[in-house]
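Throughout, a chain's letter reflects where its sequence line sits, starting with A, and its residues are numbered from 1.
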Amino acid sequence: MRNVYLVTFFIAVLIVSVFGLRGRHFTQPPIEVFPEWAFPGMKHQPKYKPQSESKFFADGRTDRPIPANTVSRTELRTDDELYLGKAADGSWLRGFPKSITVDAQLMARGHERFSIYCAPCHGALGDGNGITKQYGMGATPTYHDTRLREIAEGEIFNTITHGKTNMLPYADKVTPHDRWAIILYVRSLQRAQNGTVADVPADHRSELGLK
Amino acid sequence: MSNIFPKSANKLPLQIVIYLVVLVGLATAGVTYYMTPKYTRVGYAPVQPVPYSHALHVGQLGLDCRYCHSNIEQSGYANLPTAQTCMNCHSMVKKDSPLLAVVRKSYETGESVPWVQIHQTPDYVYFNHAVHVNRGVSCVECHGKINEMEVVSHQKSLSMGFCLDCHRNPEAHVREKADIFNLDSPTIATKSGTEAGVKFVHDWKIKPPQSCTGCHR
């Protein structure tokens, strides 16, 4: 009987040394304990999932591009102010489109979106000193020069949508509504950087230690 | 007539029974240890076509998850970034790095970058990122500290028991809205006590499904 226990013990040691402990790193796909060929079920259903591989389409993708000259339902964008940043006469829109309500909520949204998508390059203050500057992206301009302070809102909208020389477009990440929110926040950054004591209401100056 | 069996054979049936009990115990321990997702999945870190590092881009540069996984608040599926997303910076930073050749090729030709998917639930499970992320559940609960990983590896088991542990008492796992994408942030319960967690779950009317049809639809 001793021998039987010894053999069992060695088999156990063998198994542990072959399979190792939990938490090791490995590069082979995980083993399926109940593999599909032995236990047919619904683990791998013949359906397409986003960004996955297709054996049917020539380019090997399940996500299909939108065919040329078609528009998805609800995606017909006729409001030029909102979707192109252009006024009725075709010039860049100054101010905000009529369908956008400018309020504190839009500002908060703009702040959040700006921090995610713009601050890595343009910096939290919009001075062009984002983290990427330290890694060699010197081309990022500050928002606080005269030209960008006077530029039309519609043109900033166009920069976000289509990019501009070294800056690539952000249209796939930022929805039109969020673009206007970001522009509002950019405007407030510009206002803040060029503010004077006179901008602070008299009864709030003491809170900030101003005279 | 001599004895065929020695006297000790009398004890044999008992010894066999004891041995079988030990063997079944060992086998059960082995199966629970080696045949559950905590062993089969945790630690999976496939070789990716580009040695992209979350530790550098998120931990060091401070990028938000949504800069790349940009649809996560609207969609059940957490999208991987387009090649253009990488080129936003890598058209200027490390623009000739051989490590990024695949990304540049994808950007020019429109071919996909063949990223290997790491986390995957079976197709009979319905999972949705947006409902979790918008309701106070942070990435770190299910993916671990991505912001410290050079190479993404599977950290949590993502088994049914794992999902249910949280669905049964979400108050220990929820975070403030502002903390969801900050993987180093504490949960409400560790920050301001269990009651605060319970109150948050109550105020936000958080009711994760526990019935089978919630996840197997």
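The aromatic ring centres of B:Tyr126 and B:His216 sit 6.0 Å or more apart.
For A:Gln28, the part sitting under 4.5 Å from any heavy atom of chain B is the backbone (N, CA, C, O) and nothing else. Contacts of A:Phe34 with chain B are absent, with no heavy-atom separation under 4.5 Å from either backbone or side chain. Proximity to chain B (any heavy atom under 4.5 Å) is shown, for A:Val16, by both the backbone and the side chain. Contact annotation for A:Ile131: only side-chain heavy atoms (C-beta onward) come within less than 4.5 Å of a heavy atom of chain B. Only the side chain of A:Arg61 comes within contact range of chain B, judged by heavy atoms closer than 4.5 Å. At a 4.5 Å heavy-atom cutoff, B:Phe181 makes no contact with chain A through either its backbone or its side chain.
Applying a 4.5 Å heavy-atom cutoff, the residues of residues 130-153 of chain B that approach chain A are B:Ser153. Near-neighbour residues of residues 36-63 of chain B relative to chain A, defined by a heavy atom under 4.5 Å from a heavy atom of that chain, comprise B:Thr36, B:Lys38, B:Tyr39, B:Thr40, B:Arg41, B:Val42, B:Gly43, B:Tyr44, B:Ala45, B:Pro46, B:Val47, B:Gln60, B:Leu61, B:Leu63. Scanning residues 72-100 of chain B against chain A with a 4.5 Å heavy-atom cutoff picks out B:Glu73, B:Tyr77, B:Asn79, B:Leu80, B:Thr82, B:Gln84, B:Thr85, B:Met87, B:Asn88, B:Cys89, B:Met92, B:Val93, ordered by number.
For the options A:Val33, A:Val174, A:Asp59, A:Ile116, heavy-atom pairs under 4.5 Å to chain B are most numerous at A:Ile116. The candidate with the highest count of non-hydrogen atom pairs below 4.5 Å against chain B, out of A:Gly23, A:Gly136, A:Ala12, A:Pro29, is A:Pro29. Of the listed residues (A:Tyr135, A:Phe19, A:Phe26), the greatest number of heavy-atom pairs within a distance under 4.5 Å of chain B belongs to A:Phe26. Options B:Gln15, B:Gln155, B:Arg66 differ in how many heavy-atom pairs under 4.5 Å they form with chain A, and the most are formed by B:Arg66. Ranking A:Gly163, A:Ala139, A:Ser115, A:Pro169 against chain B, the residue ahead of the rest is A:Pro169, based on heavy-atom pairs under 4.5 Å. With chain A as the partner, the residue from B:Pro114, B:Gly30, B:Gly110, B:Cys65 showing the most heavy-atom pairs under 4.5 Å is B:Gly110.
The number of heavy atoms from other shown groups lying within 6.0 Å of NZ (B:Lys205) does not exceed 12. With a 6.0 Å radius and a threshold of 12 heavy atoms from other residues, nucleotides or ligands, A:Arg191 has its CZ atom at or below the threshold. Atom CD1 of A:Ile66 is surrounded by 12 or fewer heavy atoms from other residues, nucleotides or ligands within 6.0 Å. Residue B:Met160 places its CE atom among 12 or fewer non-hydrogen atoms of other residues, nucleotides or ligands, all under 6.0 Å distant. For A:Gln105, the CD atom sits in a loose shell: 12 or fewer heavy atoms of surrounding residues, nucleotides or ligands are nearer than 6.0 Å. The local environment of CD in A:Glu32 is crowded, with over 12 non-hydrogen atoms from other residues, nucleotides or ligands closer than 6.0 Å. Heavy-atom neighbours of A:Lys164 NZ from other residues, nucleotides or ligands within 6.0 Å: at or below the threshold of 12.
Of all heavy-atom pairs spanning B:His167 and B:Pro208, the tightest one is CG-CB, 3.5 Å. Across A:Ile160 and A:Met167, no two heavy atoms sit closer than the pair CA-CE, 4.4 Å.
Cation-pi contact between A:Arg64 and A:Phe57: present, with separation from the ring centre below 6.0 Å and deviation from the ring axis of at most 45°. Geometric assessment of A:Arg149 against the ring of A:Tyr143 yields a negative cation-pi assignment under the 6.0 Å and 45° thresholds.
In this structure, A:Glu36 contributes its side chain and A:Gly41 its backbone to a donor-acceptor pair below 3.5 Å.
Atom-to-atom distance recorded for A:Asp127:CG and A:Asp145:CG is 12.0 Å, nearest 0.5 angstrom. To the nearest 0.5 Å, atom CG of residue A:Leu148 and atom OG1 of residue A:Thr142 are 7.5 Å apart. Rounded to the nearest 0.5 angstrom, A:Lys173 NZ and A:Arg113 CZ are separated by 12.0 Å. Note: B:Glu176 CD to B:Asp179 CG = 6.0 Å, rounded to the nearest 0.5 Å.
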Name the atoms and distances for all side-chain donor-acceptor pairs under 3.5 Å in residues 3-10 of chain A, with sequence neighbours left out.
| residue | atom | partner | partner atom | Å |
| --- | --- | --- | --- | --- |
| A:Thr8 | OG1 | A:Val4 | O | 2.6 |
| A:Thr8 | OG1 | B:Tyr19 | OH | 2.7 |

(request) Using the side chain to side chain donor-acceptor pair (under 3.5 Å) rule, take B:Thr187 and B:Arg175 through it: C-alpha gap first, then chi angles, then the decisive distance, then the call. (result) CA-CA 5 Å; B:Thr187 58; B:Arg175 280 175 171 72; 5.7 Å; no

